[in-house]
Amino acid sequence: MTGLALTRRRFGQAIALTIAFSMAPRVGAAEAAKLPGSLEGNRMLDAWLRVNPDGTVTLFTGKVELGQGILTALRQIAADELDVAPSRIRIVSGDTAQTPDEGFTAGSQSIEHGGIAVRYACAEARGILVKLAAAKLHGAPDELTVEDGTIAARDGKSLTYWALSAEAQLRREATASVMPKPPERLRYVGKSAPRLDIPAKVTGRASFVQDIRLPGMLFGRVLRPPTYGAELVSFDDARVRRAVGVVAVVRDGRFLGVVAGREEQAIAARDELARAATWRDETALPASADIYSYLKSLPAEDHVISDKGGDTPPPAALSSHAATYTRPYTAHASIGPSCAVAQFKDGLLTVWTHTQGVFPLRRDLAKALDMDVAKIRCIHVQGSGCYGHNGADDVALDAALLARGSGGRPVKVQWMRDDEFGWEPNGPAMIVELRASLGAGGAILDWTHDVWTNTHSTRPQQDGCNLLASWHLAQPKAPGKPAIIPQPAGGGDRNAIPLYDLPRQRVTHHFIRQMPIRVSALRALGAYANIFAIESFMDELAKAARVDPVEFRMRHLNDERAIAAIKAAATYAGWQPGVPGGTGKGRGFAFAKYKNLSAYLAVVVDVEIERRSGQARVTKAMAAIDAGQVINPDGLINQTEGGIIQAASWTLKEQVRFDAERITSRDWSGYPIITFPEVPDIKVTVLDRPGERPLGAGEAAQGPTAAAIGNAIAHATGTRFRDLPLTADRIKRVFG
Amino acid sequence: MADAIELSINGKMHRLRVSPDTPLLYVLRNDLELNGAKFGCGLAQCGACTVLVEGDAVRSCSYPVAAAQGRPIITIEGLGSVDRPHPVQRAFIAEQAAQCGYCINGMVMAATALLQRNPNPDHAAIRQALAGNLCRCGTHARILRAVARAALEMAP
């Protein structure tokens, strides 16, 4: 793994490195050709890699490790294109002082955008080194071979990258003119590589931002208002200052924090903060039971994102069908609460953070603290898995605010469990209404999809400031305007356009700006509920048409890779048409192509319903995935297994609870997630396509898994459940 | 501040001047600079902070140091290292049984406690032994395989 900048000495070295390195501006950008992936926005080769005289290569990436194995995969890609052993490659990731700006590590785009940039940059660097060697060895570049950084001529003479490193000029704009290797010449890509970070994590080596210890470091905790809108009426800070170990009490508007010499003292002092503060709130949250009708009653902007065949009169249908599906607010619910370390020194702020985007975070920190961005450095260090926009960015500002009040000493802040559940931006609630008509032979003649939801990203963005504490300051910042993530990726409307070939379809995204519950990006965004709805409805239509649901899907598809994935999963699971239902045991199928432009995934799940309780248990899940060229097959399988299990948890159990005042899911008893006795046995088969470009795969499983579970429960019980989560209570009401 | 607390951790005695009600977790992490046990909930609900006290898996976030006096404590660092991993750690590496890895300390420690009292657990026993340990990445299937592998490797 990349080293943690744990000591002042090593931190100092890192600063020195950056002075010698330029994040050069785009030269002649107007005429420059568009470069692949993240190279486009970070065009200098030396922004991506450096060849060192000591026999190593340093790779710089703006993408960060979130537990998805990206750094291991990028190292495989770089090793192949450079022809060096992976062990020679050191990776620096997500550091505003050292790495390219690749925005956020999100949306299953790291291989598609970051991986391709690394691939082209390394191929070009290899070309430069080989050309340089050719001049010295008096051979033609294409007659030279490279083995682990040693360039050899036919006559046996050789030079190493390391000897050429001083002369090799990588401070130049990338051209992407050196083609990366074809699949048959790849040695590392396509073979399972063990994750770089796992040995340290299972032996307790420092791996996480939570593990950072700096000399003189203090511990901070924050106290949020009891509700989103509560105003601080009075605050007796003397009482908190008397608590054991307290070094500083910070109040700015309704932001409250405490800093202490020991962590448990900071936690105890946080309880004192709560006792010392009086709040008033006159706002109310909408009634939880009516949340979907409340959301639909709010003003919405309607965006028709697909409209096909509407100019001809509708054909005569044999039957018409309509169904409404809902998805509740869902928490990221990271196991480790969000954490950051911040230090002010000589007018510079350094923040160690598990953010998904060090550059966007830096921009928002500068706004919140009224500082120049050039005076802030954000360094990514791994945290607990985030699954989207959780409290990672917010806690970075908390740490900075507490460090600002602590006289130059570094401060580590970790949220408490109730901070995380009470204040993280949740995955947005959604309502999906589908209508279709069927004609002869079960053909879908007409299809409409309407989805109502909030924005699916309130991450740090260009306008406004999206860090929680900034809204609570005496001079509060305004949050950025909620924005639509445009198609084809989409946000709340992600995967709302069916991949099926339908002659007439109309898909409308009803975008609701007002957000009664704080929301943002949760893994798969709207794809989770849109696919749950579409793939449930496909089963409902198949049943009406008396066609096997797998066959029904294939009849409406022309995409050959989609059909191949569906067939693969059906074969893998031994899918049998016509198995009678209603027995308490069921099998369900579902499919999607994530975002309609990333990985294809089809899955079969088996469920058993316990009649006494109504509890559905997923016993087996069998999936087939086509992610194009696979970089690290075991990494892909790990992500897919994880996606299936996480989606099973969302689908069967999860719902953020709230009352008129506040979020009431505040710990794991109030927000249960799937446990070991409940997880299915999982098998994943990979359709490797080395000749195709790699497709983002980290979020491919969520939607199909939800729908396959819904379909299996419908098969097991004979009843269709359309409101998530599919809990024992709901099932027991009709099946027991 | 009270009298010094004496703790036996990974075979070494430590004398610490901390309040006796201090949860063991903070002493391990902040005084002894042991990273393995993690703060997850502070409520003994998730298991990320699990350590062994006299061979039992306990939640160090809710276990006062006073109660730990005179009882040998083993943390994940005391099991083995990257160069010399314990069979359970080796099995987790072999099965690539982690994604983010934040919960994995608890999984390794709960599995170690299980295998000490039941060297031949069946699949149901492994699931049950880990029932109180939460994983959010969905690495459960691999963790179960890792524990089963460790049981095989450690079988006499």
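Just so we're clear, the structure is a prediction, and the values are computed from it rather than from any experiment. For the numbers below, each heavy atom of this structure counts, side chains included, while hydrogens, waters and symmetry mates do not. Naming: A, B, ... by sequence-line order, numbering from 1 per chain.
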Could you check whether any side-chain heavy atom of [X] comes within less than 4.5 Å of a side-chain heavy atom of [Y], counting everything from C-beta outward?
{"X": "Gln265(A)", "Y": "Tyr26(B)", "value": "no"}
{"X": "Cys137(B)", "Y": "Gln646(A)", "value": "no"}
{"X": "Arg29(B)", "Y": "Gln210(A)", "value": "yes"}
{"X": "Lys201(A)", "Y": "Val108(B)", "value": "no"}
{"X": "Leu43(B)", "Y": "Arg666(A)", "value": "no"}

Quick check on [X] against chain B: is it the side chain, the backbone, both or neither that has a heavy atom closer than 4.5 Å?
{"X": "Leu66(A)", "result": "backbone"}
{"X": "Ile674(A)", "result": "both"}
{"X": "Ala331(A)", "result": "backbone"}

For [X] against [Y], the heavy-atom pair lying closest together:
{"X": "Ile76(B)", "Y": "Val202(A)", "answer": "CD1-O, 3.2 Å"}
{"X": "Arg127(B)", "Y": "Val679(A)", "answer": "NH1-O, 2.7 Å"}
{"X": "Cys100(B)", "Y": "Gly383(A)", "answer": "CB-O, 4.3 Å"}
{"X": "Pro677(A)", "Y": "Gln128(B)", "answer": "CG-OE1, 4.0 Å"}
{"X": "Phe208(A)", "Y": "Lys38(B)", "answer": "CD1-CE, 3.3 Å"}

Chain A contact via [X] - side chain, backbone, both or neither, heavy atoms under 4.5 Å:
{"X": "Ala131(B)", "result": "both"}
{"X": "Ile104(B)", "result": "side chain"}
{"X": "Asp31(B)", "result": "side chain"}
{"X": "Arg145(B)", "result": "side chain"}
{"X": "Leu79(B)", "result": "neither"}

Decide whether Asn30(B) and Glu263(A) meet the rule of one side-chain donor and one side-chain acceptor closer than 3.5 Å.
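Distance-only check passes for Asn30(B) and Glu263(A).
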
Would you sort out whether Thr203(A) and Arg84(B) count as a side chain to side chain contact (heavy atoms under 4.5 Å, CB included), showing the intermediate values?
CA-CA 10 Å; Thr203(A) 54; Arg84(B) 295 174 60 90; over 6 Å; no

Mark yes or no for whether Gln99(B), through its side chain, and Asn638(A), through its backbone, hold a donor-acceptor pair below 3.5 Å.
yes

Okay, side chain of Glu264(A), backbone of Thr22(B): is any donor-acceptor separation there less than 3.5 Å?
no

What verdict does the side chain to side chain contact (heavy atoms under 4.5 Å, CB included) test give for Phe676(A) and Leu144(B), after you've listed the backbone C-alpha separation in whole Å, the side-chain angles of each residue and the deciding distance to 0.1 Å?
CA-CA 8 Å; Phe676(A) 275 93; Leu144(B) 292 170; 3.6 Å; yes

Name of the residue among Ser649(A), Ser384(A), Ser334(A) meeting side chain to side chain contact (heavy atoms under 4.5 Å, CB included) with Arg136(B):
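That would be Ser649(A); it is the only one of Ser649(A), Ser384(A), Ser334(A) passing the side chain to side chain contact (heavy atoms under 4.5 Å, CB included) with Arg136(B).
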
Under a 4.5 Å cutoff for heavy-atom pairs, which residue among Gly132(B), Gly101(B), Ala98(B) has the most contacts with chain A?
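So the answer, after comparing Gly132(B), Gly101(B), Ala98(B), is Ala98(B).
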
Using a 4.5 angstrom heavy-atom cutoff, name the option from Ile93(B), Thr139(B), Ile143(B), Leu134(B) with the most pairs to chain A.
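The answer is Leu134(B).
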
Just wondering, more than 12 heavy atoms not from Lys653(A) lying within 6.0 Å of its NZ?
yes

Can you check side chain to side chain contact (heavy atoms under 4.5 Å, CB included) on Gln382(A) and Tyr102(B), steps first, answer last?
CA-CA 10 Å; Gln382(A) 291 184 58; Tyr102(B) 197 88; over 6 Å; no

